[in-house]
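It should be emphasised that the depicted structure is a prediction, and the values quoted were computed from it without experimental measurement. Residue numbering restarts at 1 for every chain, and letters A, B, ... go by the order of the sequence lines.
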Amino acid sequence: MFGLVDCNNFYASCHRVWMPEHRTSPVIVLSNNDGCVIARSNEAKALGIKMGTPFFELKEMIIEKKIIVFSSHYALYGDMSERVMNNLARFSPEVEVYSIDECFLKLDGFDDIAKYMTKIRKTIIKNTGIPVSVGAAPTKTLAKLANKLAKKGNGVCLLDTADKIDLALSDYPVEDVWGIGRQYAAKLISLKIDTAEKFRKMPIEWVNKNMSIVGVRMWRELRGESCLNMKTYFEPKKGMCTSRAFGKLTDDYQELQEATSNYASRLAFKLRREKLCTNVLSVRLLTNMFRKDLPQAFPSITIALDHPVNNTPDLIKAALRGLKKIFRKGFKFQKVEVSATGLIPENEVQLNFFKSYNDRNNKVSQVLDNLNSYYGKGTIRLASEGLVKKWDMRRSFLTPDYTNSWDDIIKVK
DNA sequence: TCTGGGGTCCTAGGACCC
DNA sequence: TCTGGGGTCCTAGGACCC
């Protein structure tokens, strides 16, 4: 039996833990740049606010309905997630942290699973302040489905018999099945396959032909045949990307250079943190697709590096070389993406003649990391990153850094 | 004025090998 | 008149996830 614990309205709930006075207000959390809605409390959902709604469209409603607004704060969510996961780890020998707010638990061998699920739920709420829902079923896909039903009901849903599963699937919208996205949903619904039950009744040959092996696995899982195992071990990443919209559009080459340097530097830091090196670096510029009045361009370049690296100077140099090749005048760019593919563990990199050269830049990076970890992010950086971030994100509704800064720690009277 | 960021897996097709 | 068979690796594109 697979259990799935999912935090309710996770980002909104994280803020509420620290500001309990907003426990009954509609709360929304905004994306980077305060661009659009990425999390909503139940009260905000009830007002009809959809995921992804641009913030500027809501300004009147926010005043009228007294909606509480937060800029996103990923360091806070990361810390709250860790608290939830640490608590969950005590409930099963096999846990898989599936995402920042979700965790699979193997629930075999427990006497009364329904009762155990309730206990998990109550413990997490009590110990972390984050409300969660718990679903369980014979496969991961069914457990996801059970979890959604739990959210609609009392927070717990166990699908452990064929009858219960049949009933749950009979009116479950096909587009809500885990693994069915926009494209497949549109295709299935156009063929009048609009419930999980109807999808499950399709012949396997049809599923295989139209939805590939991924669809077949989903189909089998809905029939109770487990195809997706628990992933309880660490797997290194295969690609890494730093991409972020600027606070404003820009056609200034100098600004783009500074932003590209900064993003490459972040990428280098993330690579070092995970003890990975990269062979291949890509740089892409993007204009704002929503601005139909402006010319659009998405130039990109992929650069093969001489040698796998993760040091800041080499990666910035490569990224700037790429930027120079793709930059075009006459476009207002909104975003730059710097990404690494072909990742190799640091300790598996082939030695080469130029090792001593890399050593110097590796040492520089090490010093950067040490200083920035002690004095705070961005304290020391390469000159090419610029002095002032003219392109920096907008974050007007930022809360204190409760879990990461001594200055912001909560005060108890 | 203002519309997120970071990942995974699968498939098809091309270049290459012996 | 007639030109093999069996592989690997890489990339781009398309689907999905939170």
Let's see if you get this right: which residues in residues 227-255 of chain A place a heavy atom under 4.0 Å from DNA chain B? A:Lys237, A:Lys238, A:Gly239, A:Met240, A:Cys241, A:Thr242, A:Ser243, A:Arg244, A:Ala245

For the side chain of A:Ser300 and the backbone of A:Val283, is there at least one donor-acceptor N/O pair under 3.5 Å apart? no

Presence of salt bridge, A:Arg200 and A:Asp166, under 4.0 angstrom: yes

Whenever both distances are under 3.5 Å in a Watson-Crick or G-U wobble pair, mark it; put DNA chain C into dot-bracket that way, with [ ] for crossing pairs and | when the partner is on another strand. ....||||||||||||||

Please report whether the ring centroid of A:Tyr184 lies less than 6.0 Å from that of A:Phe199. no

Base contacts versus sugar-phosphate-only contacts with protein, heavy atoms under 4.0 Å: please encode nucleotides 10-18 of chain C as B, S and - from 5' to 3'. -----SSSS

C:dG4 versus B:dC17 - spacing of their C1' atoms, nearest Å: 15 Å

What I want to check is whether the side chains of A:Arg83 and A:Asn87 have a donor and an acceptor closer together than 3.5 Å. no

Heavy atom of residues 327-346 of chain A under 4.0 Å from DNA chain B: which residues? A:Gln334, A:Lys335

With the side chain counted from C-beta on, respond yes when A:Ile120 and A:Phe91 share a heavy-atom pair under 4.5 Å apart, and no when they do not. yes

Does a nitrogen or oxygen in the side chain of A:Asn33 sit under 4.0 Å from OP1 or OP2 of B:dC2? no

For a 4.5 angstrom cut-off between non-hydrogen side-chain atoms, does A:Phe246 reach A:Glu255? no

Name the residue from A:Lys65, A:Lys66, A:Arg23, A:Arg16 that meets the salt bridge (Lys or Arg N to Asp or Glu O under 4.0 Å) definition with A:Glu43. A:Arg16

Once you apply a heavy-atom cut-off of 4.0 Å, does A:Arg266 come out as touching a base, just sugar-phosphate, or nothing? nothing

Are the aromatic ring centres of A:Trp178 and A:Phe2 under 6.0 angstrom apart? no

Applying side-chain hydrogen bond (donor to acceptor under 3.5 Å, both in side chains), can you list everything that pairs with A:Asp79, at least two apart in sequence or on another chain? A:Thr403, A:Asn404

Closer than 4.0 angstrom, basic N to acidic O: yes or no for A:Lys140 and A:Glu96? yes

Under a 4.0 Å heavy-atom cutoff, the residues of residues 63-85 of chain A touching DNA chain C are none

